Amino acid sequence: SKLLLFLGSSFGNVPINEQLPMMREIRARFSANDRFVLGLDMNTDGEAVIKAYRENSISRWLDNFVDRLNTDFGRDMDKTKFEKTVDFVQNPAEGDTPSYTQLYLKSCADQRLNLRKLGLIIDFPAGERIHIAEGPNCSCKYNEHQVRRLAERSNFAVEGFWANKEAKYCLVCLAPNEEASA
């Protein structure tokens, strides 16, 4: 028997279009007695999520992104010429797709970036965005229906579901759905 723990909220950072194939790949490697415990963010209050990102992590994360561009690619990118932005994309609660955040830098003015080490010049018109995640999402926020649908669509059965009292985070214990594979 195997037990796979995927705690924290890392799975929510996997691009949406890769989550189901990843779950199916995990399921394909499981036998009947194996279990998968998955931790997921559940907070779908868009205003609260945006506030949390603005107050806690967006500035530090995006500053680090700009610093890495400057260091790694020989650029003197001016952080003050970009607005640090977070959006919350609210998907229907009854649907299969979780809501998610998008983090990006938005150019405040027309500007030219010269990535010297790459020999690349990029013109950014005012309003142009630099997205900081592969795929559409940065951090998915599920509800219980979406968690159960993800399990079902990846041929798992929900054996246990636990959420904190604020319903902002959950752990779900998944077992291979042997009936579906028969």
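Treat the numbers as computed from the prediction; the structure is a model and nothing was measured.
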Salt bridge (Lys or Arg N to Asp or Glu O under 4.0 Å) partners of Asp78, counting only residues at least two apart: none
Asn177 side, atom CG; Phe30 side, atom CZ - distance, nearest 0.5 Å: 13.5 Å
Is there side-chain contact between Leu150 and Leu20, with at least one heavy-atom pair below 4.5 Å? yes
Does Leu3 belong to the same Ile/Leu/Val/Met/Phe/Trp/Tyr cluster as Leu171, with side-chain heavy atoms less than 4.5 Å apart forming each link? yes
Going by ring pair (Phe, Tyr, Trp, His ring centres under 6.0 Å), name the residues that satisfy it together with Phe36, two or more places apart in sequence or in a different chain. Phe156
Among the clusters formed by ILVMFWY side chains lying less than 4.5 Å apart, do Phe82 and Leu115 turn up in the same one? yes
Distance col, row His131:NE2 vs Thr85:OG1, nearest 0.5 angstrom, shows 9.5 Å
Nearest heavy-atom approach of Ser31 to Pro176 is O-CG, 3.1 Å
Please report the interatomic distance CZ(Phe11) to SG(Cys140), rounded to the nearest 0.5 Å. 8.0 Å
Hey, could you give me the CZ/CG distance between Phe161 and Leu38, rounded to the nearest 0.5 Å? 10.5 Å
dist Leu113:CG -> Lys81:NZ (nearest 0.5 Å) comes out at 9.0 Å
Determine whether more than 12 heavy atoms belonging to other residues, nucleotides or ligands lie under 6.0 Å from atom CD of Glu166. yes
Before accepting this row, confirm whether a basic side-chain N of the pair Asp45/Lys168 lies closer than 4.0 Å to the acidic partner's carboxylate O. no
Do you know which two heavy atoms are closest between His145 and Gly95, and how far apart they sit? CD2-O, 3.4 Å
Looking only at non-hydrogen atoms, find the nearest pair between Pro98 and Gln146 and report the distance. CA-OE1, 3.5 Å
Is the shortest distance from a Lys or Arg side-chain nitrogen in Arg27 or Glu178 to a carboxylate oxygen in the other one below 4.0 Å? yes
Might you point out which heavy atoms bring Leu69 and Met77 nearest each other, and give the distance in Å? CD1-SD, 3.7 Å
Side chain to side chain contact (heavy atoms under 4.5 Å, CB included) between Tyr104 and Ile130: does it pass, once the steps are laid out? CA-CA 5 Å; Tyr104 56 90; Ile130 300 175; 5.8 Å; no
Of the non-hydrogen atoms in Met42 and Glu144, which two are nearest, and what is the gap between them? CE-N, 3.8 Å
Side chains of Val66 and Asn70, heavy atoms from C-beta outward: is any pair under 4.5 Å? yes
For Tyr142, give me all partners under ring pair (Phe, Tyr, Trp, His ring centres under 6.0 Å), at least two apart in sequence or on another chain. none
Shared hydrophobic cluster, Val37 / Met22 (ILVMFWY, side-chain heavy atoms < 4.5 Å): no
Between the side chain of Arg148 and the main-chain N/O of Asn143, is any donor-acceptor distance below 3.5 Å? no
Between atom CG of Leu105 and atom NZ of Lys84, what is the distance when rounded to the nearest 0.5 Å? 8.0 Å
Minimum heavy-atom distance between Val14 and Gln19, given as atom pair plus value: O-NE2, 2.9 Å
Taking only Lys NZ, Arg NE, NH1 and NH2, and the carboxylate oxygens of Asp or Glu, determine whether Asp34 and Arg29 approach each other closer than 4.0 Å. no
